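Here is the structure we will look at, set down as structure tokens.
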2 protein chains.
Amino acid sequence: MPKQVDHQSRRRQIAEAVCQLADESGLEGVTLRDVAARAEVSMGAVQRCFATKEEMLVFALGHIGERIAARVTARLVESPAQSARTALGHATTEVSLLQEEHRAEARVWLAFVAQAAVSPSLAEILRSNYAGLQTVFARLIAEAADTPDPDRAARTLLALADGLTTHVLIGHLSPAMALDVLDGHLNRLWDERAS
Amino acid sequence: MPKQVDHQSRRRQIAEAVCQLADESGLEGVTLRDVAARAEVSMGAVQRCFATKEEMLVFALGHIGERIAARVTARLVESPAQSARTALGHATTEVSLLQEEHRAEARVWLAFVAQAAVSPSLAEILRSNYAGLQTVFARLIAEAADTPDPDRAARTLLALADGLTTHVLIGHLSPAMALDVLDGHLNRLWDERAS
DNA sequence: GTCGAAGCGATGCAAGTGCATCGGAACGTC
DNA sequence: GACGTTCCGATGCACTTGCATCGCTTCGAC
């Protein structure tokens, strides 16, 4: 056996570079050369890890999708004792990527979403990601409020979170306003149960 | 005076071509040559109308933004006699671009939104568009239901509509499900007033 | 040691990019 | 009808793109 390399970790390293570049100048700014330079490997290494550019993008999307989902669940297990209402709020805030330090992830995510509208392989990954998130949200909602249709409420919340992310990114809303909107929506969901 | 050309209409013609191409393969598929070919003019003509590619994209975004806004207001004046609740529902459905025949516009819109996250000049146009829509929505909501904070309700509705559009585009939701979510949200808005 | 396969990095290549240039066609003015 | 301005469309150019190629290094098996 000749020289061995941890392919998996190198793929992650490259995916990280892809995300950085996509954050800075959109998916159009992601070229094999720039990715290689950013990841501090040679272009040959990139080509060895991914047979084609599309394969690289698909992997990168999966990578960041996992990271976001992981943060949501981490946030959930981190504060398990509190009320389901609080947990739901935290999870939603997390998935909306409203915090300044996650703005980069939001930009990358948006870039991929737009590309997915014309690229089935990317859309597939996004769908499975959203499906997972929706399941989690529906369960949380079912616990937090005995809404007649938790699935619908989850779909609403997920779409709202995504829309807010977008609006913050393009500067139509400030993060604070987005949080306010989110809070208002959750409160209404909550009050409805109470009544 | 030599040969005269209606620049304004030609610009619209080119913008139309930009939108068609962006619908088919995203903004990355929009090249000067392809735009010229699709608009059935020469590349020289495109360059005469727009000094740079960015200027062309900015114009195209303004073009489609106007079209969408126009459809919303058209839908409003078209059915003025009905209740404000119905009008609000129509306007929201319209802006969500859920109808199959507007799916292309939705893809184009999403492509521009993603690009705007890294391009200030595009973001500027989007902001003014959203600001206009939000004003209309806030007014409608104020008429339809005496919500304590119509502005916040409008922001919520707009973000929800955008999120639903996105989710339909990537195939996470069917148009029917999106309509269902929208309807549920509006109903809650309405009931809240009634209570 | 020697060998050979696995991986590396530089380079090549054809295609495509945005933009500049330029000769000539088209048309109102005199 | 000649003229000059405005516009046109083809071509050129420098550059970048994704991908293929090809010596060379590296390292474990024997």
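A quick note: this is a predicted structure, and the numbers were derived from the prediction, not measured.
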Rounded distance in Å - CG (A/Leu21) to C1' (D/dT16): 15 Å

Pick base, sugar-phosphate or nothing for B/Val30, based on heavy-atom distances below 4.0 Å to the nucleic acid. sugar-phosphate

Take the protein atom NZ of A/Lys53 and the nucleotide atom P of D/dT16, then report the distance between them rounded to whole Å. 15 Å

Report the distance from atom CG of B/Leu32 to atom P of D/dG9, rounded to the nearest whole Å. 15 Å

Going by atom types only, do B/Ser96 and B/Thr93 share a side-chain donor-acceptor pair under 3.5 Å? no

Contacts of B/Gln134 meeting side chain to side chain donor-acceptor pair (under 3.5 Å) (sequence neighbours excluded), chain-then-number -> A/His172

C/dC8 phosphate, OP1 or OP2: any side-chain N/O from A/Arg10 under 4.0 angstrom? yes

Would you please name every residue forming a salt bridge (charged side-chain N to carboxylate O under 4.0 Å, His left out) with B/Glu40, sequence neighbours left out? none

Hey, are B/Glu143 and B/Arg85 close enough for a salt bridge, meaning a charged N less than 4.0 Å from a carboxylate O? no

Any residue in residues 38-48 of chain A with a heavy atom nearer than 4.0 angstrom to DNA chain D? Just list them by number, or reply none. A/Met43, A/Gln47

With a 3.5 Å cut-off and heavy atoms only, can you find an N or O donor on one side and an acceptor on the other between the side chain of B/Arg33 and the base of C/dG18? yes

Exam field: side chain B/Thr147 to backbone B/Asp149, donor-acceptor pair closer than 3.5 Å: no

Measure from CG on A/Leu57 to C1' on D/dG18 and round the result to the nearest Å. 12 Å

Does a side-chain N or O of B/Thr52 approach OP1 or OP2 of C/dC19 to a distance below 4.0 Å, or not? yes

To the nearest angstrom, the CD-C1' distance between B/Glu28 and C/dA15 comes to 17 Å

NZ/NE/NH1/NH2 to OD/OE distance under 4.0 Å, B/Glu24 and B/Arg38: yes

Can you tell me how far C1' of D/dT16 sits from CG of A/Asp34, to the nearest Å? 10 Å

